[in-house]
Amino acid sequence: MARFPKPPEGSWTQHYPELGTAPVSYEDSIDPAFYEKERHAIFKRAWLNVGRVEQVPRKGSYFTKELKVANTSIIVVRTTSGEIKAFHNICRHHGNKLVWNDMPLEETSGVCRQFTCKYHAWRYDLDGNLTFVQQEGEFFDLDKSRYGLVAVHCEVWEGFIFVNFAKQPEQSLREFLGPMITDLEGYPFDKMTSRFTYRSEVKANWKLYMDAFQEFYHAPVLHANQSPTAYSKAAAEAGFEAPHYRIEGPHRLVSTSGVRAWEMADEMRKPIEDICRSGLFGPWDKPDLGEMPVGLNPAKCDPWGLDSFQLFPNFVLLFWGQGWYITYHYWPTSHNTHIFEGSAYFPQPRTPRERIAQELAAVSFKEYGLQDANTLEATQSMIESQVLDEFLLCDQEVLIRHLHKETAAWVEDYDRKKAGV
Ligand code: FES
Ligand SMILES: [Fe+2]
C-alpha cells in the first residue's frame with residue numbers, strides 16, 4: 001500500500017483508508033492477556049534484529065542476547081567458516097545456560113574457540129556440534145551427533161543480524177523487509193563504526209515508546225526547553241508537519257526536513273553547539289558518505305533532516321541528513337515494561353574535533369530520548385486506569401494508527417491459524 005508523494009489534497013490518513021480515522025483503543029498496551037498473544041503471534045514469528053556484524057568481527061566472536069519476550073537467551077556467533085549463526089543458549093545435558101559471565105541473567109560477549117558448559121564441562125564447537133562429553137562412557141548409547149545446540153533461524157541483511165523463532169519462518173528476511181527497506185541497500189553501514197549506545201528499562205508498553213518516535217506533532221511542545229527560547233517559541237507557534245509518510249506491509253516511514261544550524265541567527269543556537277560544531281541534527285561538518293541509496297529522503301527535502309524507518313515489530317532505523325544514523329530497539333519484558341536500546345553510529349572520527357562533534361550529537365539525542373521517555377509512565381499509568389477507552393489521533397499520527405492495527409492483525413492471524421480456520 002505504497003502511496004507517495006503527498007497527495008495534493010486530502011490527508012495522509014485518508015489515503016490509507018484501511019486505517020480509518022476513528023479514535024483508537026490502547027487496550028493492546030495494558031492487557032496482560034493480549035501481551036501473551038503478542039509474544040507468540042509476533043515475537044515468535046517476525047524477524048527480529050539482534051545486532052550488527054561488527055559485534056562479531058572474527059572467528060569465534062560471540063554475544064548473547066536475553067530475550068524475555070521469547071522466553072529465551074540466544075548465542076550469536078561467527079563460525080569457523082565466517083558465517084554468523086544463532087543458537088538457543090542452553091546445554092543439552094541438564095539445560096544449564098551455556099554462555100554467561102558472573103550473572104546468569106546478564107548479556108555477555110567475547111571470543112572463544114568453543115563453548116564449555118560451566119556445570120559438567122560438555123563442549124560445543126562454534127557450529128553448535130557437541131564435541132566433548134565428560135566421562136562419555138558413563139552414558140547410555142549416547143550419539144553426540146544428535147545433541148548439538150538448538151539452532152535459531154538467523155539471516156543477515158546489510159550487516160544487521162536478524163533471528164526468527166518460528167519453526168519455519170513464513171518469509172525470508174528479504175521478503176519480510178520488502179522494497180521500502182531493501183531500497184536502503186548501499187548505505188555505508190560498514191563504515192559507521194563509531195558507536196554510542198544507551199539502554200534503559202522503561203515502565204511502559206513497548207508500543208507506547210515506539211509511538212513517541214513515530215510522530216513529530218509533540219516535538220515543538222515536549223522538547224521546547226531543549227532549544228534557546230527564541231527558537232522554541234517560534235517552533236511551538238509554527239507547529240510541525242513532516243513532509244512525507246509511507247506505509248508498506250508491516251513497516252512505516254516518516255521523513256522530515258532539517259535545519260542549517262550554522263546559518264541560523266546567533267540567538268537560535270546554544271554556545272556549546274558553536275564550540276563543538278554539532279547538535280541534535282548531527283555534526284555540522286558532514287562526512288562524505290558517497291551516494292545515498294534510493295530509499296532515502298523520498299520527499300527530496302533540502303535541507304533534509306531525517307528518515308525514520310519503523311521496522312515491524314520493534315526495530316527503528318533512523319538516518320540523519322548530516323551523515324549518521326541511529327537504531328532503536330524496544331524489547332518487551334511484560335505488558336507494561338520494556339527495555340529500550342538506542343545506538344548512534346558515525347564514521348570513525350579522524351580528529352579530536354570530529355570525535356567531540358559526534359559526542360555532542362550522541363548526548364543531544366540521549367537528552368531528547370529522555371524527554372520522550374519522560375511521558376511514558378505518565379501515559380501508561382493513566383491508560384491503565386481505563387477511565388477512557390478511546391483516544392484521538394491526528395493526521396501526523398498516522399503511523400501510530402498503523403502500528404496498533406498491524407499488531408492486532410498479527411494476533412488475529414495467529415488466532416485464526418491456531419484455530420485451524
Ligand atoms: S548442564 Fe551442561 S554439562 Fe551438564
Ligand atoms: Fe521526541
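Values below: every heavy atom of this structure, side chains too, minus hydrogens, waters and symmetry copies. Whatever order the structure lists ligands and atoms in, that order sets their numbers, starting from 1.
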Participant: Could you give me the CA-CA distance, side-chain angles and deciding distance for Phe281 and Trp320, then say whether ring-ring contact (aromatic ring centres under 6.0 Å, His included) is met?
Facilitator: CA-CA 7 Å; Phe281 285 75; Trp320 291 89; 5.6 Å; yes

Participant: Any side-chain donor-acceptor pair under 3.5 Å between Trp206 and Glu38?
Facilitator: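 The criterion, which ignores hydrogens and geometry beyond distance, is satisfied for Glu38 and Trp206.
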
Participant: Mind checking what makes ring pair (Phe, Tyr, Trp, His ring centres under 6.0 Å) contact with Phe160, not counting sequence neighbours?
Facilitator: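 Partners of Phe160 by the ring pair (Phe, Tyr, Trp, His ring centres under 6.0 Å) criterion, ordered by chain and then number, come out as Phe189, Phe315.
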
Participant: Considering non-hydrogen atoms only, spot the tightest contact between Val50 and Trp331 and give its length.
Facilitator: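 The pair with the smallest heavy-atom distance is CG1-CH2, 4.3 Å.
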
Participant: Is the closest side-chain donor-acceptor distance between Thr337 and Thr333 under 3.5 Å?
Facilitator: yes

Participant: Looking only at N, O or S atoms, find the one in Asp372 nearest to the Fe ion (ligand 2) and name it.
Facilitator: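 Of all N, O or S atoms belonging to Asp372, OD1 is the one nearest the Fe ion (ligand 2).
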
Participant: What is the name of the N/O/S atom of His218 that is nearest to the Fe ion (ligand 2)?
Facilitator: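 Of all N, O or S atoms belonging to His218, NE2 is the one nearest the Fe ion (ligand 2).
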
Participant: Any idea how Phe176 and Trp410 line up, ring-wise: parallel (<30°), tilted (30 to 60°), or perpendicular (>60°)?
Facilitator: perpendicular

Participant: Counting only protein atoms, how many N/O/S atoms are less than 2.8 Å away from atom 2 (Fe) of ligand 1?
Facilitator: 2

Participant: Search all heavy atoms of Leu403 against all heavy atoms of Asp211 and return the closest pair with its distance.
Facilitator: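 In terms of heavy atoms, the two residues are closest at CD2-OD1, 3.5 Å.
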
